[in-house]
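Just below is one structure, and these are the notes that go with it.
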Amino acid sequence: MAVNEPLPGTSDLWEPEVLDWINLEKQARNIFSRYGYTELRTPIFERTDVFVRNLGNETDVVQKEMYTFQDRGGRSLTLRPEGTAGVMRAIANKGLEQGEEARVFYFGPMFRGERPAAGRRRQFHQVGVEAVGSDSPWMDAECIAMLVHFLAELGIHGSRVLLNTRGLPEDRQAISQALLDYFQPHSNALCEDCQRRLSTNVWRMLDCKNPACHEIALGAPQILSLMGEASRTFFAEVCAGLTELGVEYELAPRMVRGLDYYVHTVFEITHPGLGAQDALAGGGRYRISLPGDKRTFEGIGFAAGMERLLLARESLGLQSPPSNRTDTYIVSLGAPAIPVGLRLAGELRQAGLGGRVKADFSNRSLKAQMRSANREGASRVLILGEAELSQSSVICRNMTTSEQVTLPVGELKNWFLQA
RNA sequence: GUGGCUGUAGCUCAGUUGGUUAGAGCGUCUGGUUGUGGCCCAGAAGGUCGCCGGUUCGAGCCCGGUCAGUCACCCCA
């Protein structure tokens with residue numbers, strides 16, 4: 001039993017759920033390509049430093065969530081915990097001309113060694129986009145609007161767009177200091193995590209969920225007001241762009257996203273149908289430098305959790321109904337009929353007739369085979385028995401109307417073509 | 001990694017104060033006279049009660065451990 005179960009946090013995916021996944025991928029390609037994005041597929045494992053370097057060594061993802069192993073040559077490799085790093089590596093490898101933009105989307109499995117919960121898996125799937133090479137705030141607005149468009153196309157209503165800015169790196173020092181000056185006096189009242197954050201990551205204290213910390217964080221200085229002119233102008237233009245595109249959003253001045261590489265815009269989309277992990281998607285503007293490359297790449301991107309998108313759809317009653325497995329079912333009565341049914345099935349498929357064709361090789365009674373045909377939802381049944389074999393004919397039964405006729409094999413095509 | 005809840009047939013679940021061969025519904029299979037599905041009827045198959053150990057004359061029921069699921073925390077998609 002247990003040996004056949006998938007590992008914790010992983011799962012087998014059967015129809016009809018698979019149909020929802022196919023549809024999700026189709027919609028992603030459909031929408032993102034309208035914005036000029038092209039699909040990129042990168043390996044699901046990379047050299048470990050690709051991730052450590054990009055995500056930041058102090059992040060939780062790097063510290064305790066990566067699936068890292070050594071290959072035979074002793075190199076440290078890691079199953080990708082997110083998509084951006086690999087995409088950036090691929091772009092750097094291909095090369096980006098000065099002034100050239102890369103706009104790509106991707107989807108696929110990601111791996112994080114976390115404890116599974118609602119909407120959280122160890123192997124999960126993300127659909128994401130990256131627009132690299134533009135430093136324009138209008139690009140941020142368009143990117144967020146594209147995500148909102150995508151959600152609408154999936155029928156996901158009721159989500160919220162939360163928006164904030166982290167400003168430019170040169171503003172960070174002053175802001176961190178101001179936050180530190182504010183939180184330090186309260187240190188005794190803070191939770192364990194936040195006491196540690198005082199020295200590691202003061203920003204993160206702003207969105208601590210601990211009630212006591214949250215209370216204190218409410219009185220913290222507004223980071224936006226501490227930023228320089230350039231940062232504030234950038235943010236204002238992102239907001240203006242969203243308004244221009246008719247995207248509704250909420251300012252979330254205390255939202256701080258986990259990864260170190262963000263500059264300026266950060267955003268998150270939440271949905272009430274998800275449970276405790278209510279983030280449907282998240283992203284922001286980033287600057288990334290790669291090992292062996294002197295350049296810094298700036299871009300804007302997001303990743304959406306595919307499981308969560310599906311959960312949100314489910315909470316709105318939008319999952320695919322179970323589908324029939326068979327359109328045409330071929331019943332063979334008696335051992336001599338079985339190879340004839342086999343051949344007939346092959347001919348139908350080659351001719352593109354009868355949709356999903358399944359032949360029954362079980363040599364069971366007619367009744368038993370008819371029951372199977374019915375259970376599988378077949379709309380047409382072809383019956384081959386002794387009498388039919390001797391005269392090269394076949395009984396053609398319409399399962400919806402229960403009408404049937406005996407036809408020479410040569411006339412089957414016409415029968416299939418009529419409704 | 002930490003905590004709460006759960007773990008009985010393919011599925012959904014019953015199993016009384018621990019006491020003889022562990023039950024139901026659905027599903028599956030077979031049959032209801034010569035070769036015809038869905039409805040109905042009859043019969044059958046299917047379970048080491050997650051696993052290991054303990055308490056007991058005796059445990060699906062009690063205790064401990066373990067594994068798995070689930071939800072929550074940390075964090076994130």
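Just so we're on the same page: letters track the sequence lines, and every chain starts at 1. For the numbers below, each heavy atom of this structure counts, side chains included, while hydrogens, waters and symmetry mates do not.
Using a 4.0 Å heavy-atom cutoff across all strands shown, A:G119 reaches at least one base atom of the nucleic acid. Here A:Q369 lies out of heavy-atom contact (under 4.0 Å) with every strand. Across all strands, A:E114 comes closer than 4.0 Å to base atoms (heavy-atom distances). Within the 4.0 angstrom heavy-atom criterion, no nucleotide atom of any strand lies near A:Q123. If you check every strand for non-hydrogen atoms under 4.0 Å, A:I395 touches a base. Backbone-only contact: A:A281 has heavy atoms under 4.0 Å from sugar-phosphate atoms and none from a base. Residue contacts shown for A:R375 are limited to sugar-phosphate atoms, with no base heavy atom under 4.0 Å away.
Atom CZ of A:R47 sits in a sparse spot, with 12 or fewer heavy atoms from other residues, nucleotides or ligands closer than 6.0 Å. The number of heavy-atom neighbours closer than 6.0 Å to CD of A:Q222, taken from other residues, nucleotides and ligands shown, is 12 or below. Heavy-atom contacts from other residues, nucleotides or ligands closer than 6.0 Å to CZ of A:R160 number 12 or fewer.
The side chain of A:A368 sits closest to B:U30 out of B:G37, B:U30, B:A77. Distances were taken from every side-chain heavy atom of A:A117 (C-beta onward) to each of B:A72, B:U36, B:A77; the shortest belongs to B:A72. Ranking B:A68, B:A77, B:G38 by closeness to the A:P8 side chain, first place goes to B:A68. Checking B:U36, B:A68, B:C73 against the side-chain heavy atoms of A:M370 singles out B:U36 as nearest. Residue A:R115 places its side chain closer to B:G1 than to any other of B:G35, B:U36, B:G1. Looking at the side chain of A:R364, the nearest of the listed nucleotides B:A77, B:U36, B:U30 is B:U30. Side-chain atoms of A:E388 lie closest to B:G35 of the nucleotides B:A72, B:A77, B:G35. Side chain of A:I383, nearest nucleotide from B:U30, B:G35, B:C74: B:G35. In this structure, the nucleotide among B:A72, B:U36, B:C29 sitting nearest to the side chain of A:S372 is B:C29.
Between the CD atom of A:E307 and the P atom of B:U70 there is a distance of 12 Å, rounded to whole Å. Look at CD on A:Q195: it is 16 Å from C1' on B:C74, rounded to the nearest Å. Across the protein-nucleic acid pair, A:K64 atom NZ and B:C74 atom P stand 10 Å apart, rounded to whole Å. The nearest whole Å value for the distance from the NZ atom in A:K367 to the P atom in B:U34 is 9 Å. If you take CG of A:D278 and C1' of B:C73, they are 14 Å apart, rounded to a whole angstrom.
For A:R371, no side-chain nitrogen or oxygen approaches OP1 or OP2 of B:U30 to under 4.0 Å. Put simply, A:R204 has a side-chain N or O that comes within less than 4.0 Å of OP1 or OP2 on B:C76. The side chain of A:R80 places no N or O atom within less than 4.0 Å of a non-bridging phosphate oxygen (OP1 or OP2) of B:A77. A sub-4.0 Å separation between OP1 or OP2 of B:U36 and a side-chain N or O of A:S365 is absent.
Remark on RNA chain B: of its neighbouring residues A:V61 and A:L366, the 5'-side contact belongs to A:L366, judged by nearest-heavy-atom nucleotide.
Pairing for B:A42 goes to B:U30, judged as Watson-Crick or G-U wobble with the two contacts each under 3.5 Å. With a cut-off of 3.5 Å on both pairing distances, the Watson-Crick or G-U wobble partner of B:G25 is B:C11.
Judged purely by atom type and a 3.5 angstrom limit, A:N164 uses its side chain to pair as donor or acceptor with the backbone of A:M255.
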Worked check of side chain to side chain donor-acceptor pair (under 3.5 Å) between A:Y286 and A:E130:
CA-CA 10 Å; A:Y286 48 79; A:E130 310 294 347; 2.5 Å; yes

